[in-house]
Amino acid sequence: MTLTLTVSDEVRALAPGFTHVAIEAHGLVNGPSTDASSALLDDAARRLAVRLGGRATHEDPHMVAWRDTYTAFGSKPSRTRNSAEALAKRALTDAGLPRINVLVDLYNAISVAHLVPVGGEDLDRIQGGMRLVRATGAEDFVTVAGGEEVVEHPDAGEVVWCDDAGVTCRRWNWRQGPRTRLTEQTTSAVFLLECLPPMADTEAEAAGAELVELLEKFSPGARITARREG
């Protein structure tokens with residue numbers, strides 16, 4: 001069954017032109033990071049450096065658009081960066097990108113190489129459909145702090161992804177909750193590539209196609225579908 005993804009009218013009014021590429025995959029094989037997935041992250045960092053051509057990450061036009069959007073819903077973009085900008089900044093440091101697990105490495109590599117926010121959710125942990133909405137402030141966001149499970153609440157007006165159980169990602173794509181993240185046991189997932197103008201549809205689709213190709217390579221036999229939604 002295809003996961004239902006809904007973008008609210010309030011979010012569309014906030015960010016006209018927002019689109020996302022959704023890649024749904026079943027029969028995935030995950031596990032600890034490998035030399036091959038690690039090499040993809042290193043290559044993504046090299047591609048990013050070429051793309052930026054000496055500019056700072058936040059000067060890229062797509063990152064400028066995301067910063068403007070974060071400001072529009074009340075978040076300070078220099079303090080709570082969109083996921084692509086945060087990863088890209090890490091990629092350009094001596095420490096480089098973190099190695100999490102194979103599936104996360106794959107989508108992080110695409111995010112950095114194309115400078116587009118990419119998220120991955122475990123479909124077996126999603127309850128109902130997923131919705132991108134502006135929060136009331138009463139929603140639950142279950143996370144971990146100091147090794148203990150804690151419940152936070154988004155700010156009123158904040159853009160969040162949620163399902164029937166609560167918020168899955170705060171501030172659009174800033175921080176994912178642990179409930180739906182991809183673990184080494186994940187076999188079914190949805191990957192979301194989130195795009196704002198001026199990123200062209202062709203570039204978004206190319207990034208999605210590259211991720212599909214990687215998933216097919218690292219999980220032979222997986223059943224994968226991709227769609228772009230405006």
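These figures come from a predicted structure and were not determined experimentally.
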Quiz prompt | Listed partners of Thr168 passing side-chain hydrogen bond (donor to acceptor under 3.5 Å, both in side chains), at least two apart | solution = none
Quiz item: Sequence neighbours excluded, which residues qualify as salt bridge (charged side-chain N to carboxylate O under 4.0 Å, His left out) partners of Glu121?
Solution: none
Show me, pair by pair, the donor-acceptor contacts under 3.5 angstrom made by side chains of residues 41-51, not counting sequence neighbours?
from  : atom 1 : to     : atom 2 : distance (Å)
Asp42 : OD1    : Arg99  : NH2    : 2.7
Asp42 : OD2    : Arg99  : NH2    : 3.3
Arg47 : NH1    : Glu210 : OE2    : 2.8
Arg47 : NH2    : Glu210 : OE1    : 3.2
Arg51 : NH1    : Glu203 : OE2    : 3.0
Arg51 : NH2    : His114 : O      : 3.4
Arg51 : NH2    : Glu203 : OE2    : 2.8

Practice problem: Using salt bridge (charged side-chain N to carboxylate O under 4.0 Å, His left out) as the criterion, list what pairs up with Arg181, not counting sequence neighbours. | Solution: none
Quiz item: Any chain of hydrophobic side-chain contacts (each under 4.5 Å) joining Ile23 to Val190?
Solution: no
Quiz item: What residues, two or more places apart in sequence or in another chain, satisfy side-chain contact (heavy atoms from CB on, under 4.5 Å) together with Pro61?
Solution: Arg55, Pro198
Practice problem: Would you confirm whether Thr186, through its side chain, and Ser188, through its main-chain N or O, come within 3.5 Å as a donor-acceptor pair? | Solution: no
Quiz item: Do Val142 and Glu149 touch side chain to side chain, with heavy atoms closer than 4.5 Å?
Solution: yes
Exercise. Determine whether Val167 and Pro154 make a side-chain contact, defined as any pair of heavy atoms from C-beta on separated by less than 4.5 Å.
Key: yes
Self-check item: Hydrophobic cluster membership, Ile126 vs Val7, 4.5 Å side-chain cutoff
Solution: yes
Self-check item: Closest non-hydrogen atom pair, Cys195 against Val116
Solution: SG-CG2, 3.9 Å
Quiz prompt | Verify same cluster id: Val112, Met199 (apolar side-chain graph, 4.5 Å) | solution = no
Practice problem: With rounding to the nearest 0.5 Å, note down the distance linking OG in Ser75 to CG in Asn82. | Solution: 11.0 Å
Self-check item: Beyond-backbone contact of Val150 with Val144, side-chain heavy atoms, under 4.5 angstrom
Solution: no
Exercise. Please determine, by modelled atom types, if Gln127 and Asp163 share a side-chain donor-acceptor pair under 3.5 angstrom.
Key: no
Practice problem: Using the side chain to side chain donor-acceptor pair (under 3.5 Å) rule, pick out the option among Thr4, Asp164, Thr6 that qualifies with Arg131. | Solution: Asp164
Self-check item: Point-to-point distance, once rounded to the nearest 0.5 Å, from CG of Asp124 to NE2 of His26
Solution: 8.5 Å
Self-check item: From Leu215 atom CG to Glu24 atom CD, the distance as rounded to the nearest 0.5 Å
Solution: 12.5 Å
Quiz prompt | Asp122-Thr180 side chain donor-acceptor pair, cut-off 3.5 Å | solution = no
Quiz item: Does the side chain of Val151 come within less than 4.5 Å of His153's, by heavy atoms?
Solution: yes
Let me have the donor-acceptor pairs involving side chains of residues 220-230, under 3.5 Å, with sequence neighbours excluded, atom names and distances please.
from   : atom 1 : to     : atom 2 : distance (Å)
Arg227 : NE     : Glu229 : OE2    : 2.5
Arg227 : NH2    : Leu3   : O      : 2.8
Arg228 : NE     : Glu205 : OE2    : 2.8
Glu229 : OE1    : His20  : NE2    : 3.1

Practice problem: If the plane angle is over 60° it's perpendicular, under 30° parallel, otherwise tilted; pick one for Trp66 and Trp172. | Solution: perpendicular
Quiz item: About how many Å separate SG of Cys162 and CZ of Phe141, when rounded to the nearest 0.5 Å?
Solution: 12.0 Å
Quiz item: Could you give the distance from CZ (Arg134) to CZ (Phe73), rounded to the nearest 0.5 Å?
Solution: 8.0 Å
Quiz item: Quick one: salt bridge (charged side-chain N to carboxylate O under 4.0 Å, His left out) partners of Asp9, sequence neighbours excluded?
Solution: none
Quiz item: side-chain contact (heavy atoms from CB on, under 4.5 Å) with Thr57: which residues, sequence neighbours excluded?
Solution: Leu52, Met63, Glu85, Ala88, Lys89, Leu92, Leu115
Quiz prompt | Test log, rule side chain to side chain donor-acceptor pair (under 3.5 Å), inputs Asn30 and Asn101 | solution = CA-CA 7 Å; Asn30 201 12; Asn101 58 55; 3.1 Å; yes
Quiz item: Do you know which two heavy atoms are closest between Leu193 and Gly208, and how far apart they sit?
Solution: CD2-N, 3.6 Å
Exercise. May I ask you to test the Arg81-Arg171 pair for a side-chain heavy-atom distance under 4.5 Å?
Key: no
Practice problem: Applying side-chain hydrogen bond (donor to acceptor under 3.5 Å, both in side chains), name anything that partners Thr136, two or more places apart in sequence or on another chain. | Solution: Glu139
Practice problem: Using atom types as modelled and distance alone, determine if a side-chain donor or acceptor of Thr93 lies under 3.5 Å from a backbone N or O of Arg90. | Solution: yes
Self-check item: Stepwise salt bridge (Lys or Arg N to Asp or Glu O under 4.0 Å) test for Asp140 and Arg179
Solution: CA-CA 12 Å; Asp140 288 345; Arg179 172 171 61 91; over 6 Å; no
Exercise. Taking the side chain as every heavy atom from C-beta outward, state whether Gln176 and Arg170 have any pair of such atoms under 4.5 Å apart.
Key: no
Quiz prompt | Side chains of Ser83 and Val118 in contact at under 4.5 Å (non-hydrogen atoms) | solution = no
Practice problem: State, to 0.1 Å, how close Ala204 and Val21 come at their nearest heavy-atom pair, and which atoms those are. | Solution: O-CG2, 3.9 Å
Exercise. Could you grab the distance from atom CG of Leu196 to atom NE2 of His62, nearest 0.5 Å is fine?
Key: 5.0 Å
Side-chain donor-acceptor pairs under 3.5 Å in residues 103-110, sequence neighbours left out?
from   : atom 1 : to     : atom 2 : distance (Å)
Asp105 : OD1    : Ile100 : N      : 3.1
Asp105 : OD2    : Ser33  : OG     : 2.6
Asp105 : OD2    : Ser37  : OG     : 2.8

Quiz item: Less than 4.5 Å apart, any side-chain heavy atom of Leu40 and any of Leu214?
Solution: yes
Quiz prompt | Shared hydrophobic cluster for Leu192 and Leu14 (ILVMFWY, side-chain gaps under 4.5 Å) | solution = yes
Practice problem: Taking side-chain contact (heavy atoms from CB on, under 4.5 Å) as the test, write out the residues that go with Ala209, two or more places apart. | Solution: none
Quiz prompt | Which residues share a side-chain contact (heavy atoms from CB on, under 4.5 Å) with Pro77, sequence neighbours left out | solution = Arg67, Tyr70, Thr71
Practice problem: Answer with yes or no whether the side chains of Glu158 and Trp174 bring together a donor and an acceptor at under 3.5 Å. | Solution: no
Quiz item: According to a 4.5 Å side-chain heavy-atom criterion applied to Ile, Leu, Val, Met, Phe, Trp and Tyr, with indirect links allowed, do Leu132 and Leu5 form part of one hydrophobic cluster?
Solution: yes
Quiz item: More than 12 foreign heavy atoms under 6.0 Å from CD of Glu59: is that the case here?
Solution: yes
Quiz item: Minimum heavy-atom separation for Val133 to Ser8, with atom names?
Solution: CA-OG, 3.7 Å
